[in-house]
**Q** 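Input: one structure, supplied below.
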Amino acid sequence: MEDEKKSLNFIEQIIEDDLKSGKHKEILTRFPPEPNGYLHIGHAKSICLNFGLGIEYNGKTNLRFDDTNPVKEDVEYVDSIMEDIKWLGFEWNGEAHYASDYFDQLYEWAVDFIKKGIAYVDDQSAEAISATRGTPTRPGTDSPNRNRTVDENLDLFSRMKNGEFGDGEKVLRARTGMDSPNMHMRDPVLYRIKHAQHHRTGDTWCIYPMYDFTHGQSDYIEGITHSICTLEFENHRPLYDWFLDQIYDSTKTRPRQIEFARLNLSYTVMSKRKLLELVQKNIVTGWDDPRMPTISGLRRRGYTPESLRNFAEKIGVAKRDNVIDVSLLEFSVREDLNKSARRVLAVLDPLKVVITNYPEGQIEDIEAVNNPEDESMGKRMVPFGRELFIEREDFMEDAPKKFFRLAPGREVRLRYGYYITCNDVIKDTAGNIIELHCTYDPETKGGQSPDGRKIQGTIHWVSAEKAIDIEVRIYDRLFTDEAPDGHKDVDFKEFLNPDSLEVLSHCKAELYLKNAEKGDKFQFERKGYFCVDLDSTAEKLVFNRTVPLKDSWTKQNNVKN
RNA sequence: UGACCCAUGGUGUAAUGGUAACACAGGUGGUUUUGGUCCAUCCGUUCUAGGUUCGAAUCCUGGUGGGUCAGCCA
């Protein structure tokens with residue numbers, strides 16, 4: 001094997017330069033979610049990036065909850081976030097951190113700012129502050145409170161902290177200047193008053209620091225070397241650096257913010273607000289609905305951690321806006337499951353077949369391979385009998401030449417079984433096909449004939465007598481539009497796919513599946529990859545279709561139609 | 001009429017001044033007891049105009065197109 005040099009993304013580039021120059025001996029990254037929702041595939045990209053860098057460069061990665069807004073945050077989210085990160089296969093450095101751990105330090109820094117004359121208490125309303133901030137092209141104007149004395153500011157700020165004012169009555173602002181071309185640098189708000197219960201600090205505080213005043217300082221406290229975030233924070237970087245300039249001690253590690261482009265996936269939405277709306281309006285069954293792009297949804301759908309990590313690797317890291325085709329995600333899970341999933345026979349839309357020349361009451365065991373990609377996964381026995389079920393779509397009464405399956409007078413191979421030929425089509429009074437009468441060739445057991453005659457088609461089947469009943473949930477994309485939230489004036493919910501879930505409650509599966517457990521993954525031969533859903537009971541197994549197999553037959557036909 | 005950022009096949013990512021590569025998607029063919037897998041093959045004036053250079057996707061300048069920013073959200 002040539003030791004070909006792996007190309008580096010721009011962040012790895014920066015890190016290698018920093019390591020080489022001696023700026024850092026070891027790197028420390030962090031993943032900083034706000035506990036206000038469940039993690040989605042976009043977060044998975046960030047997790048794989050941050051933790052992956054930690055591993056790649058022999059450094060570490062902190063988990064830090066960015067919990068500065070008590071009204072939106074909850075421990076439910078803290079728990080799910082930790083579960084998802086662990087499930088993805090990553091381990092954070094030490095205990096989980098919380099920005100709220102640093103509230104005391106942050107408050108001290110705020111007091112220092114006041115003493116240095118670079119922060120002041122503003123009495124203006126939110127509306128007034130907004131109105132005097134200017135626009136991107138026009139500078140803002142100074143607050144009438146901008147030149148209060150240090151003592152007055154100190155007094156007011158401590159009274160804010162002590163709860164003497166109501167929500168919104170006062171804020172602490174930095175004195176960075178109202179004429180900056182960067183909106184974020186126009187006297188940004190540092191602290192606001194919220195008389196709210198915090199999920200960790202309870203009612204200790206009634207003032208809470210803003211994101212900008214918290215994030216960089218938290219990085220600094222933890223000794224983060226590379227603080228990686230998404231592109232929309234690029235305009236915040238001057239502020240991030242400005243705060244650090246005020247508190248930086250040159251003996252300590254100074255973190256650097258680096259921005260990359262967030263993940264967008266076609267045919268879905270990624271914003272937590274919109275995902276929350278789908279949950280709250282019961283459009284989906286919950287954050288872990290298998291149609292959701294959440295990590296918990298993908299997990300329930302049958303995605304593996306490995307497939308998600310591979311996906312993150314494949315999409316790369318760069319700064320330009322991107323939309324990844326969902327087919328790449330689907331490819332990633334097929335690629336992984338193809339190697340690891342046991343094959344079984346299951347019929348989703350059963351059509352009865354009677355083999356008229358097969359002895360009544362006889363059942364024989366037929367050997368089947370568990371995974372042709374991996375011999376070590378062994379073989380199993382599948383019961384075969386006179387009455388079988390095959391897939392309804394595997395029979396066509398008036399079949400075209402290229403249809404390689406069952407049709408009147410045509411011979412087909414039952415996978416691992418016998419060759420059968422269809423002789424009679426039984427219909428009900430309405431003309432619906434209810435049963436097929438076939439004959440089998442006893443010489444073809446296992447699926448090959450002594451005379452070597454060519455059989456084009458192989459179809460799957462289960463014994464009618466020995467099959468178990470299962471429910472199968474077929475999922476399709478949640479939205480019919482490639483970019484549901486990319487339309488101005490049209491709500492993303494207008495593009496919901498009415499057929500995103502189809503429940504098949506009368507499916508038949510081979511006996512082997514009887515003892516399958518929740519989360520187990522299988523390939524139903526010729527149909528796709530499926531996993532046992534949480535809703536399964538002792539009486540009935542429920543399967544989720546993770547992803548169908550590639551199907552060049554129906555694709556070919558769709559083109560023709 | 002601001003600041004910051006971005007521009008390479010349909011999609012995404014490489015090429016670190018020296019033959020535009022890889023993956024997905026799509027097309028075609030081959031193998032096949034899954035119409036799966038696997039294999040082969042096809043699919044590009046690197047946004048544009050200049051400049052620097054023996055040599056530019058890469059460096060510089062202008063243009064064009066796109067993104068982000070006017071929360072007491074993160």
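Just so it is clear: chains get the letters A, B, ... in the order the sequence lines come, proteins before strands, and each one is counted from 1.
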**Q** Indicate, yes or no, whether a donor-acceptor pair under 3.5 Å links the base of B:rU37 to the side chain of A:Asn338.
**A** no

**Q** In terms of the angle between their ring planes, are A:Tyr77 and A:Tyr38 parallel, tilted or perpendicular, with boundaries placed at 30° and 60°?
**A** perpendicular

**Q** Using Watson-Crick or G-U wobble geometry with both distances under 3.5 Å, which nucleotide pairs with B:rA7?
**A** B:rU64

**Q** Looking at every strand, decide which applies to A:Arg186 at a 4.0 Å heavy-atom threshold: base, sugar-phosphate, or nothing.
**A** nothing

**Q** Name the nucleic acid region contacted by A:Phe403, choosing base, sugar-phosphate or nothing; use a 4.0 angstrom heavy-atom cut-off, strictly under.
**A** base

**Q** Any base atoms under 4.0 Å from A:Gln124, or only sugar-phosphate, or nothing? Heavy atoms, all strands.
**A** base

**Q** Syn versus anti for B:rG36, judged by chi lying within 90° of 0?
**A** anti

**Q** Tell me what A:Ala126 touches on the nucleic acid: a base, only sugar-phosphate, or nothing, going by heavy atoms under 4.0 Å.
**A** base

**Q** Measuring from the side chain of A:Ser130 (C-beta onward, heavy atoms only), which nucleotide among B:rA14, B:rU34, B:rG71 has the closest atom?
**A** B:rG71

**Q** Classify the nucleic acid contact of A:Glu259 as base, sugar-phosphate or nothing, counting any heavy atom under 4.0 Å across all strands shown.
**A** nothing

**Q** Under 4.0 angstrom, heavy atoms only, what part of the nucleic acid is A:Glu234 near: base, sugar-phosphate, or nothing?
**A** sugar-phosphate

**Q** What is the pairing partner of B:rC59, taking Watson-Crick or G-U wobble pairs with both distances under 3.5 Å in any strand?
**A** B:rG51

**Q** Closest approach to the side chain of A:Ser327, judged atom by atom: which nucleotide of B:rG35, B:rA25, B:rC6 is it?
**A** B:rA25

**Q** Considering every strand and a 4.0 Å limit on heavy-atom distances, what is the contact class for A:Lys194: base, sugar-phosphate, or nothing?
**A** sugar-phosphate

**Q** Base, sugar-phosphate, or nothing for A:Tyr416, non-hydrogen atoms under 4.0 angstrom?
**A** base

**Q** My understanding is that a pair needs two contacts under 3.5 Å, Watson-Crick or G-U wobble. By that rule, which nucleotide pairs with B:rA15?
**A** none

**Q** Out of B:rU16, B:rC69, B:rA14, which has the shortest distance to the side chain of A:Asn235?
**A** B:rC69

**Q** With both distances under 3.5 Å as the test, what is the Watson-Crick or G-U wobble partner of B:rU34?
**A** none

**Q** Classify the nucleic acid contact of A:Met185 as base, sugar-phosphate or nothing, counting any heavy atom under 4.0 Å across all strands shown.
**A** nothing

**Q** Kindly confirm whether the side-chain ring of A:Tyr211 is stacked on the base of B:rA74, judged by centres under 5.5 Å and planes under 30°.
**A** no

**Q** Aromatic rings A:Tyr440 and A:Tyr418: how do their planes relate, parallel, tilted or perpendicular, breaks at 30° and 60°?
**A** perpendicular

**Q** B:rC73, B:rG35, B:rC69: which one has an atom nearest the side-chain heavy atoms of A:Pro136?
**A** B:rC69

**Q** What nucleic acid atoms does A:Thr135 come within less than 4.0 Å of, heavy atoms only: base, sugar-phosphate, or nothing?
**A** base

**Q** Counting only side-chain heavy atoms from C-beta out, which of B:rG35, B:rA70, B:rU34 sits nearest to A:Met183?
**A** B:rA70

**Q** Do the ring planes of A:Phe530 and A:Phe524 sit parallel (below 30°), tilted (30 to 60°) or perpendicular (above 60°)?
**A** parallel

**Q** So A:Pro372, base contact, sugar-phosphate only, or nothing? Heavy-atom distance under 4.0 Å.
**A** base

**Q** Using a 4.0 Å heavy-atom cut-off across all strands, classify A:Val171 as base, sugar-phosphate, or nothing.
**A** base

**Q** Checking all strands, does A:Glu330 fall into the base, sugar-phosphate, or nothing category for heavy-atom contacts under 4.0 angstrom?
**A** nothing

**Q** Among B:rG67, B:rC69, B:rA74, find the nucleotide with the atom closest to the side chain of A:Asp321.
**A** B:rG67

**Q** Applying the Watson-Crick and G-U wobble criteria at under 3.5 Å, what pairs with B:rG2? Answer none if nothing qualifies.
**A** B:rC69

**Q** Ignoring hydrogens and angles, are the base of B:rU8 and the side chain of A:Arg320 linked by a donor-acceptor pair under 3.5 Å?
**A** yes

**Q** May I ask you to say whether A:Asp374 pairs ionically with A:Arg342, meaning some side-chain N is under 4.0 Å from a carboxylate O?
**A** no

**Q** Counting side-chain heavy atoms from C-beta on, which of B:rA7, B:rU11, B:rG12 comes nearest to A:Asp325?
**A** B:rU11

**Q** Which of these nucleotides, B:rU16, B:rA74, B:rC73, is closest to any side-chain atom of A:Phe233?
**A** B:rA74

**Q** May I ask you to decide if the ring planes of A:Phe113 and A:Trp242 are parallel, tilted or perpendicular, using 30° and 60° as cut-offs?
**A** perpendicular

**Q** I'd like to know if the side chain of A:Ser332 reaches the main chain of A:Leu308, judged simply by a donor and an acceptor atom lying under 3.5 Å from each other, with no hydrogens or angles considered.
**A** no

**Q** Give one of base, sugar-phosphate or nothing for A:His236, where a contact means two heavy atoms less than 4.0 Å apart.
**A** base

**Q** From C-beta outward on A:Glu232, which listed nucleotide comes closest to its side chain: B:rG36, B:rU68, B:rG2?
**A** B:rU68

**Q** A:Phe331 side chain: which of B:rC24, B:rC4, B:rA70 is closest?
**A** B:rC24

**Q** Considering non-hydrogen atoms only, spot the tightest contact between A:Pro400 and A:Arg410 and give its length.
**A** O-NH2, 3.2 Å

